[in-house]
Amino acid sequence: MMRMLGVMLLVLSGLVWGLGKAGSLGQRVVLLTELLGLMQFLRTGIGCYARPLGELLAAFDSRLCREALALPGFAGHPAGALLQAGEKLFSVEGDRENLRAFTEGLGVSGTQGQLEHLELYMALTEERLKEAKEECSQKRKLYVALGLFAGLTVCIVIL
């Protein structure tokens with residue numbers, strides 16, 4: 001009875017690990033989608049409303065913006081706060097580098113320069129999002145299966 005419970009717990013722990021890894025792939029897709037939405041919102045906000053960057057970030061509802069708003073330096077340097085939040089949320093280095101380059105150019109040029117900057121980084125982020133979606137669809141089932149089989153393998157080795 002106890003042996004069977006131990007086997008079930010080991011298999012379940014492997015499965016949970018696999019589900020966690022699969023979930024992190026999906027989380028990357030969600031964060032990149034939100035970043036792309038933020039860029040589109042900023043393009044509209046900068047082009048049409050000419051509001052300050054801090055106000056625009058505060059008006060957009062995303063996990064990235066909420067994290068940035070919660071940082072103490074947001075009022076003085078909203079682009080820096082956005083970068084800090086992104087450094088914490090994005091786990092893939094390429095995504096962080098993309099965000100770094102994007103935030104470095106925010107608010108440093110005129111309206112036309114900002115719109116061009118946003119267009120460039122929207123295209124780059126769309127490419128990263130496409131890559132993340134492909135990776136997610138390819139690896140999601142793989143991680144779940146690997147976790148399940150790892151739990152089963154540990155059970156077999158122990159028994």
Side-chain angles (χ1 to χ4, degrees), residues 12-151:
L12 184 63
S13 67
L15 183 62
V16 167
W17 174 85
L19 289 170
K21 292 297 276 183
S24 68
L25 291 173
Q27 188 61 32
R28 179 179 179 219
V29 170
V30 168
L31 285 170
L32 285 170
T33 302
E34 287 181 355
L35 178 60
L36 186 59
L38 172 63
M39 290 175 180
Q40 291 167 343
F41 179 77
L42 289 175
R43 182 181 61 188
T44 303
I46 289 171
C48 297
Y49 306 118
R51 293 171 54 197
L53 180 61
E55 286 182 28
L56 292 171
L57 292 177
F60 190 75
D61 184 34
S62 74
R63 185 172 168 199
L64 184 61
C65 289
R66 286 189 301 271
E67 291 279 336
L69 281 166
L71 294 172
F74 179 80
H77 190 47
L82 188 66
L83 175 61
Q84 281 182 317
E87 293 279 348
K88 189 167 75 168
L89 293 174
F90 286 103
S91 59
V92 176
E93 184 57 34
D95 296 342
R96 287 194 295 249
E97 287 175 14
N98 185 50
L99 183 68
R100 254 183 241 123
F102 168 64
T103 56
E104 284 175 4
L106 273 180
V108 296
S109 62
T111 303
Q112 187 59 38
Q114 287 297 290
L115 294 175
E116 290 171 3
H117 177 77
L118 284 162
E119 289 295 327
L120 170 67
Y121 282 97
M122 283 173 63
L124 293 172
T125 303
E126 283 174 352
E127 191 61 36
R128 296 205 62 79
L129 178 59
K130 180 181 172 190
E131 171 191 307
K133 285 179 178 178
E134 289 173 5
E135 182 182 21
C136 185
S137 69
Q138 291 173 354
K139 293 183 179 178
R140 180 171 264 167
K141 291 178 184 175
L142 175 68
Y143 280 136
V144 173
L146 281 175
L148 183 62
F149 290 127

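The structure places CG of Leu129 at 10.5 Å from SG of Cys136, a figure rounded to the nearest 0.5 Å. A distance of 14.5 Å separates OG1 of Thr125 from NZ of Lys130, quoted to the nearest 0.5 Å. Once rounded to the nearest 0.5 Å, the distance linking CD of Glu119 with CG of Leu124 reads 11.5 Å. Summarising the geometry, atom CE belonging to Met122 is positioned 10.5 Å from atom CG belonging to Leu115; distances are rounded to the nearest 0.5 Å. Here the CG atom belonging to Asp95 is positioned 11.5 Å from the CG atom belonging to Leu89, to the nearest 0.5 angstrom. Atom CG of residue Leu106 and atom CE of residue Met39 lie 8.0 Å apart, to the nearest 0.5 angstrom.
For residues 29-42, no residue pair satisfies the side chain to side chain donor-acceptor pair (under 3.5 Å) rule, not counting sequence neighbours.
Between Glu131 and Arg28 there is a salt bridge, since a side-chain N of the basic residue sits under 4.0 Å from a carboxylate O of the acidic one.
Taking 4.5 Å as the limit, every side-chain heavy atom of Asn98 sits out of range of all side-chain heavy atoms of Phe102. Contact check for Leu57 versus Leu38: side-chain heavy atoms found under the 4.5 Å cut-off.
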Distance-only donor-acceptor hits, side chain of residues 137-145, under 3.5 Å, sequence neighbours excluded:
unit_1 : atom_1 : unit_2 : atom_2 : d
Ser137 : OG     : Lys133 : O      : 3.4
Ser137 : OG     : Glu134 : O      : 3.0
Lys139 : NZ     : Glu135 : OE2    : 3.3

Using distance only, find each side-chain donor-acceptor pair of residues 76-84 under 3.5 Å and give its atom names and separation, not counting sequence neighbours.
unit_1 : atom_1 : unit_2 : atom_2 : d
His77  : NE2    : Gly80  : N      : 3.4

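Every residue was checked against the ring-ring contact (aromatic ring centres under 6.0 Å, His included) condition with Phe90, not counting sequence neighbours, and none meets it. With sequence neighbours excluded, the residues that form a salt bridge (charged side-chain N to carboxylate O under 4.0 Å, His left out) with Arg66 are Asp61. Glu126 is linked by a salt bridge (charged side-chain N to carboxylate O under 4.0 Å, His left out) to nothing, counting only residues two or more places apart in sequence or in another chain.
Nearest heavy-atom pair, Phe60 versus Cys65, reported as atom, atom and distance to 0.1 Å: O-CB, 3.5 Å. The shortest non-hydrogen separation linking Ala85 to Leu64 is CB-O, 3.7 Å.
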Requested in this report: Kindly indicate, with the supporting measurements, whether the criterion side chain to side chain contact (heavy atoms under 4.5 Å, CB included) is fulfilled by Arg63 and Val30.
Outcome: CA-CA 10 Å; Arg63 185 172 168 199; Val30 168; over 6 Å; no
Requested in this report: For the pair Leu53 and Leu42, evaluate side chain to side chain contact (heavy atoms under 4.5 Å, CB included) and give the outcome as yes or no after the intermediate values.
Outcome: CA-CA 8 Å; Leu53 180 61; Leu42 289 175; 3.9 Å; yes
